[in-house]
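To keep things clear, I will list the structure first and then write my remarks on it.
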Amino acid sequence: MSKPKIFYLCPDNIRPSWGLGIIYHHVKALCAAGYEAYVIHEKAYFKVDWLSLDVPILYLNQLPIINVEDILFVPEVMVNIAGLKSLDCRKILFVQASSFLFEKLPDNETHKSLGFESALVTMPHMIPIIEQFTELRVNLVPPFVADYFYKEKSKLNEREKIILIFPKFHQQDYGIIRRLINDKLQQNASLSSLAKQGWKLIEMKDKTHKQVAELMKKATFFIATNTFESFNASVVEAMAAGCINVCYEGFGPRDYLVNNKNAFVFKNNEAFELCRHLFLLIDEEQEIVLKQMRQNAFETALHYSYENTRQQLIQYFETILFKQQVA
């Protein structure tokens, strides 16, 4: 029996989004394993300029005939696509951000009423959430960070006095933290001035994914104030690059963050406490503590490699998904 065709719906995101990158890499891995797999974008000729990955791409207005045994993966943010309910194929809900689980769900519909047979999730904390609130069977394939973030382990401690901060979702906390650090930088009369010690703050605006990687490979600290993402790839990217996270516990990152071991972790919205501790770390020059933390964080990041994702994705298809079809 021939293998079914596999389709991944994918948002037309112009700005870099690693969730989109995960979809593309799923298709890449499946094609390499001998499956017929495609990315499906909404608008004809849409192109992802920031991701150099050659995979088969189709568009919603150019879809081939989808057979009942074919498999369609639908991101949780695309369940409102016109005609989804009427498609006669196997539909899998692909959840990378459980906080958006119901954002696009049409009124008077459930995921089951739209025809989803099961869900594929990327993080362990999602499993009970999806099982309870969608009543779908759930399987897990972990995410990964791009290999160009991983710094050679022997060079993890080669650092510059740089603090990175990523302005995501226009959070109020971001403005507070940026102000406090800039005030500290500009205290020219003070011996504790960060600028006098050679420190600088870089806001990662309008950077390519690879430019972010290069910054993380040389910076000392990365501040992450995201409170609700299910993976928060930038935190693990910093770990892979040897950049110390000073971050909120968030939502999904609780799956891998261990305070004072692989990151300095604060309760959500504790902007002032986060800055107070960051300044102490700088003033006390705790290089021995930071050196061990870089090693621990790097080991954490290794769990989120492309090869690990690829292996578990293929296992999901070969030993789980097709067994569900028979059942």
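Heavy-atom basis, side chains included; hydrogens, waters and symmetry copies ignored.
- Of all the heavy atoms in Asn80 and Pro106, the pair that sits closest is CA-CG, 4.2 Å.
- Two residues are said to be in side-chain contact when any heavy atoms from C-beta on lie closer than 4.5 Å; Ile181 and Ile223 meet this criterion.
- In this structure, CE on Met78 lies 4.5 Å from CG on Leu9, to the nearest 0.5 angstrom.
- Shown here for Asn232 and Pro253, the closest heavy-atom pair between the two residues is CB-CG, 3.8 Å.
- Residues meeting the side chain to side chain contact (heavy atoms under 4.5 Å, CB included) test with Glu135, sequence neighbours left out: Lys112.
- Tracing side-chain contacts under 4.5 Å through hydrophobic residues (I, L, V, M, F, W, Y), one never reaches Leu180 starting from Met204; they form parts of separate clusters.
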* To do: Take His26 and Phe73 through the test ring pair (Phe, Tyr, Trp, His ring centres under 6.0 Å) and record every step on the way to the result.
  => CA-CA 11 Å; His26 272 215; Phe73 286 87; 7.5 Å; no
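- In this structure, Lys161 and Gly198 approach most closely via the heavy-atom pair CB-O, 3.5 Å.
- For the atom pair CZ (Phe116) and CZ (Arg137), the distance works out to 14.0 Å, reported to the nearest 0.5 Å.
- Within the model, atoms CD of Gln292 and CD1 of Ile288 stand 10.5 Å from one another, a figure rounded to the nearest 0.5 Å.
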* Before giving the answer on side chain to side chain contact (heavy atoms under 4.5 Å, CB included), spell out for Phe251 and Ser98 the whole-Å C-alpha distance, their side-chain angles and the decisive distance to 0.1 Å. => CA-CA 10 Å; Phe251 183 56; Ser98 51; 3.3 Å; yes
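- Looking at Glu299 and Gln295, their side chains never bring a donor and an acceptor atom within 3.5 Å of each other.
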* Go through Glu36 and Lys5 one step at a time and tell me if the salt bridge (Lys or Arg N to Asp or Glu O under 4.0 Å) criterion holds. => CA-CA 5 Å; Glu36 185 179 351; Lys5 294 187 290 291; 5.4 Å; no
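- Val289 and Leu278 fall within a single hydrophobic cluster, where Ile, Leu, Val, Met, Phe, Trp and Tyr are joined by side-chain heavy atoms under 4.5 Å apart, directly or via other members.
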* Taking it one step at a time, do Arg294 and Glu158 satisfy salt bridge (Lys or Arg N to Asp or Glu O under 4.0 Å)? -> CA-CA 11 Å; Arg294 288 188 195 102; Glu158 296 177 2; over 6 Å; no
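- The CD atom of Glu237 lies 7.5 Å from the CZ atom of Phe231; values are rounded to the nearest 0.5 Å.
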* Asked: Are Phe264 and Leu274 close enough, and set up right, to give a side chain to side chain contact (heavy atoms under 4.5 Å, CB included), and what steps lead you there?
  -> CA-CA 9 Å; Phe264 295 106; Leu274 184 152; over 6 Å; no
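- A cation-pi geometry, defined here as NZ or CZ lying under 6.0 Å from the six-membered ring centre and within 45° of its normal, does not hold between Lys153 and Phe298.
- When hydrophobic clusters are built by joining Ile, Leu, Val, Met, Phe, Trp and Tyr residues whose side-chain heavy atoms come closer than 4.5 Å, directly or via intermediates, Phe221 is grouped together with Phe279.
- Among residue pairs with one or both ends in residues 173-182, those qualifying as salt bridge (charged side-chain N to carboxylate O under 4.0 Å, His left out) are Arg178-Glu203, Arg179-Asp183; sequence neighbours excluded.
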* Could you give me the CA-CA distance, side-chain angles and deciding distance for His303 and Tyr256, then say whether ring pair (Phe, Tyr, Trp, His ring centres under 6.0 Å) is met? => CA-CA 10 Å; His303 293 291; Tyr256 58 79; over 10 Å; no
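- Qualifying side chain to side chain donor-acceptor pair (under 3.5 Å) partners for Asn259, counting only residues two or more places apart in sequence or in other chains: none.
- Taking the six-membered ring where the residue is Trp, Tyr8 and Phe94 present perpendicular rings, their angle passing 60° and hence far from 30°.
- Surrounding CG of Asn61 are more than 12 heavy atoms belonging to other residues, nucleotides or ligands, all under 6.0 Å away.
- Between Val79 and Leu114, the shortest heavy-atom distance links the atoms O-CD1, 3.7 Å.
- By the 6.0 Å contact criterion, CG on Leu53 is enclosed, its count of non-hydrogen atoms from other residues, nucleotides or ligands being greater than 12.
- In this structure, Ile176 is not a member of the same hydrophobic cluster as Ile202, with clusters built from ILVMFWY side-chain heavy atoms closer than 4.5 Å.
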* To do: Take Cys243 and Arg159 through the test side chain to side chain contact (heavy atoms under 4.5 Å, CB included) and record every step on the way to the result.
  => CA-CA 8 Å; Cys243 188; Arg159 296 287 126 186; 4.1 Å; yes
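- The CZ atom of Phe100 sits 8.5 Å away from the OG atom of Ser230 when rounded to the nearest 0.5 Å.
- Using a 4.5 Å cut-off on side-chain heavy atoms (C-beta onward), Asn67 and Pro4 make no contact.
- Residue pairs meeting the side-chain hydrogen bond (donor to acceptor under 3.5 Å, both in side chains) criterion with at least one member in residues 123-134, sequence neighbours excluded: His125-Asp255.
- Ser154 and Glu152 are linked by a side-chain donor-acceptor pair at a separation below 3.5 angstrom, with hydrogens and angles left out of the test.
- Considering Trp18, Tyr304, Phe149 as possible partners of Phe144, the one that fulfils the ring pair (Phe, Tyr, Trp, His ring centres under 6.0 Å) test is Trp18.
- The ring-ring contact (aromatic ring centres under 6.0 Å, His included) check on Phe102 picks up His111, with sequence neighbours excluded.
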* What do the steps show when you test Met239 against Asn262 for side chain to side chain contact (heavy atoms under 4.5 Å, CB included), and what is the final call? -> CA-CA 8 Å; Met239 289 177 166; Asn262 60 13; 3.7 Å; yes
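- The structure places NZ of Lys47 at 9.5 Å from NE2 of His41, a figure rounded to the nearest 0.5 Å.
- Residues satisfying the side chain to side chain contact (heavy atoms under 4.5 Å, CB included) criterion with Cys31, sequence neighbours excluded, are Val27, Ala37, Pro56.
- Within the 4.5 Å cutoff, side-chain heavy atoms of Thr309 are placed close to those of Val141.
- Side-chain polar atoms of His25 and Tyr306 form no donor-acceptor pair below 3.5 angstrom.
- Placement of Phe228 and Val77 within a single hydrophobic cluster is found when ILVMFWY residues are connected by side-chain heavy-atom separations under 4.5 Å, directly or transitively.
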